[in-house]
Every structure is written in structure tokens, then in C-alpha cells.
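Worksheet for the structure shown next.
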Amino acid sequence: LWAIGALRRIWYALPFLSAAFLGLAVLTSQFYEKVYHLDDQARGWINASAQPGAMIGLMIGIPLAGRMMLSDPGIGLRLLAGVGVLVAGAFALFALTPYLWLAITMNILVAAIISLLTPGIYAALSLAIPPKVRSMGYAMASLFVLPGLVAIYIVGWIADHWGIRQGLLLMAPIFLIGSWVLASASFYIKSDINKDGTVDFTDFAALALSWLQNNCAEPLWCGSSDLNFDSKVDFNDLAVFSSEWNNSVNNPFVRPVAD
């Protein structure tokens, strides 16, 4: 498993992303109490108001992540990283705003957007981990979440000594780092049709076998020969193939390929 470079990068991103997840859960209530002087009942209502946003995020994120990763894992991971940048921006505004209504709005927005990330990361893991060792791969991913707990202690120390706003604001760059590492996992060669790590004549033969097919659709996309995902194999796909000729990657994503 460690030899799969894309999988390693996803694992490396997990401590940073999990720190932001945990930071939102742990520090938000203290933030409302110390900055806006809200009592337990008010904080409870605000927390409850954020849950529908999280549910909507999950309902949208689960089917969207599956389609996105099956279509093009590389683009899917870059989009997830973009979502992470949005979360970091909303987190920063949440920590800095002097207005309670804006803080609540950003809280709901962050809860919804973070819920989009979770199914996307699991979908990426399911593609990167070989099927025979998928359980072990998920277990190892859980281990990479643990260092995120260390970041929570650091953020908590900063919040105690320098202020709760500063502690929460630190979560934004942590999340940005995790998003950048996640985007680096998108290194993926579409033209490596047979997934042997090199774009060569074997892949060209596979492309030729699917030449001029016009009914390509997910998840197989004509045996992975529809490189631009326009439902047909033609000169546009050949152009993509030519641009990546003789490129190599040690650890491409595992994608389903027709026999």
C-alpha cells in the first residue's frame, strides 16, 4: 500500500483536514461563549441550526463524489481541494467577524461544505486502494487521522494564551495545507489505459480496439479509452493520448477497465 504514491498523498492530507474537522467541533461552542457571551441554550440552538446544512452537504456530496471520481479521479481530487480552500476562507471569516449573524452564517456554511469533503475523500480512497487490501487501507487511513489530535492541542494552547479568535484562525492555514496535499494526489495519467504505469504501445492497442465507439459512459468509458469523457473515442482522445505519450507514473489510481 505504501508504494501507491497517490494513496500516500491522501493519507498525508488527513491529519490537516481532520484537525479542522475536530477544531470546528471543539472550539465553536467556546467561541460563541467567550466572544459573543451566549448561554448554553443559545449555543445549542446555533449548533442545531448547522445540522441541516451538514445533512444537505452529505446528500449532495455522496452521489456527486461517486460520479466525479469515476469520471476522472484527478479532476475530482482537485475539486475537493478547491472545496477545502472555500472551507478555509469561511473559517477565517468566522473567526474574524465581529457580527454574530455572519459568524452563524459561516458556521452553517462550513458545516455544509465540510460534509461535501468526507464522501469525496472516501471515494478517492476506494479508487486508490487495491480491492484485496481495501480494509487494511481504510484502517491505515484512520491512523493518519490521529496526528490531527496534536494540532488540536496546539490550537487550544494558542486559544488559551492568545485568544479564541487566534486559535480558530490558525485552523484556516492548517486546512489550506491539507487541501494542497490532497490536490497533489491528482497526479494521474489518463492515457495509461491498461494501468501499468506507462503510456506506450500497449495502451495504443487498447485505444485502437475502442476506436470510433460512440456509446461510452461511466464507469468504464469504453475500457478507459474515452479520455476526454465525451461519450465517444475519436481524434480528440488520440490528441490527449499523444500529449501523454511515453509518460510514466509509478502509482496511478486503480480504475475499472473492461476486459
message: Using side-chain contact (heavy atoms from CB on, under 4.5 Å), reason through Leu96 and Leu169 one step at a time and then give a plain yes or no.
response: CA-CA 8 Å; Leu96 293 174; Leu169 190 60; 4.0 Å; yes

- prompt: Roughly how far, to the nearest 0.5 Å, is the CE atom of Met140 from the OG atom of Ser135?
  reply: 13.0 Å

- line: Between Ala92 and Ala172, the two heavy atoms sitting closest are CB-CB, 4.2 Å

- prompt: If you round to the nearest 0.5 Å, how far is CG of Leu182 from CG of Leu117?
  reply: 8.0 Å

task: Drop me the distance from Leu38's CG to Ile46's CD1, to the nearest 0.5 angstrom.
output: 5.0 Å

task: Verify, without hydrogens or angle tests, whether Arg165 (side chain) and Thr97 (backbone) share a donor-acceptor contact under 3.5 angstrom.
output: yes

query: Do Ile121 and Leu125 come within less than 4.5 Å of each other through their side chains, counting heavy atoms only?
result: yes

- request: Only one of Phe16, Phe144, Tyr138 passes ring-ring contact (aromatic ring centres under 6.0 Å, His included) with Trp11; say which it is.
  value: Phe144

message: Does Trp162, at its CH2 atom, have more than 12 non-hydrogen atoms belonging to other residues, nucleotides or ligands within less than 6.0 Å?
response: no

query: Transitively linked via ILVMFWY side-chain contacts under 4.5 Å: Trp101 with Phe91?
result: yes

field: Closest non-hydrogen atom pair, Gln213 against Cys222
entry: OE1-SG, 3.2 Å

message: Do Leu14 and Val133 sit in one hydrophobic cluster, given that two such residues count as connected whenever their side-chain heavy atoms are within less than 4.5 Å of each other, even indirectly?
response: yes

- request: May I ask you to check whether Tyr32 and Asn47 show a side-chain donor-acceptor distance below 3.5 Å?
  value: no

- line: Heavy-atom nearest pair, Ser225 first then Ala206, reads OG-O, 3.4 Å

- prompt: Which pair of non-hydrogen atoms, one from Gly148 and one from Ala19, has the smallest distance, and what is that distance?
  reply: O-CB, 3.8 Å

Sequence neighbours excluded - ring-ring contact (aromatic ring centres under 6.0 Å, His included) pairs with any residue from residues 35-61: Phe31-Tyr36

message: Hydrophobic clusters here meaning ILVMFWY residues chained together by side-chain heavy-atom distances under 4.5 Å, can you tell me if Met59 and Ile108 are in one?
response: no

query: Quick one: do Leu176 and Leu109 end up in the same hydrophobic cluster if we chain Ile, Leu, Val, Met, Phe, Trp and Tyr together by side-chain heavy atoms under 4.5 Å apart?
result: no

- line: For Val85 and Ser179, the nearest pair of non-hydrogen atoms, with its separation, is N-OG, 3.9 Å

statement: So CG of Leu27 and CD1 of Ile164: to nearest 0.5 Å the spacing works out to 5.0 Å

query: Rounded to the nearest 0.5 Å, what separation is found between the CG atom of Asn236 and the CG atom of Leu227?
result: 10.5 Å

- request: Is it possible for you to say whether Met171 and Leu93 belong to one hydrophobic cluster, with membership spreading through side-chain heavy-atom contacts below 4.5 Å?
  value: yes

query: Roughly how far, to the nearest 0.5 Å, is the SG atom of Cys216 from the CG atom of Asp230?
result: 8.0 Å

task: Would you please indicate if the ring centroids of Phe204 and Trp211 are separated by under 6.0 Å?
output: no

task: Check Ser231 against Asp226 and note the closest heavy-atom contact, atom names and distance.
output: N-OD2, 2.8 Å

pair Ile158-Ile154: side-chain heavy atoms closer than 4.5 Å: yes

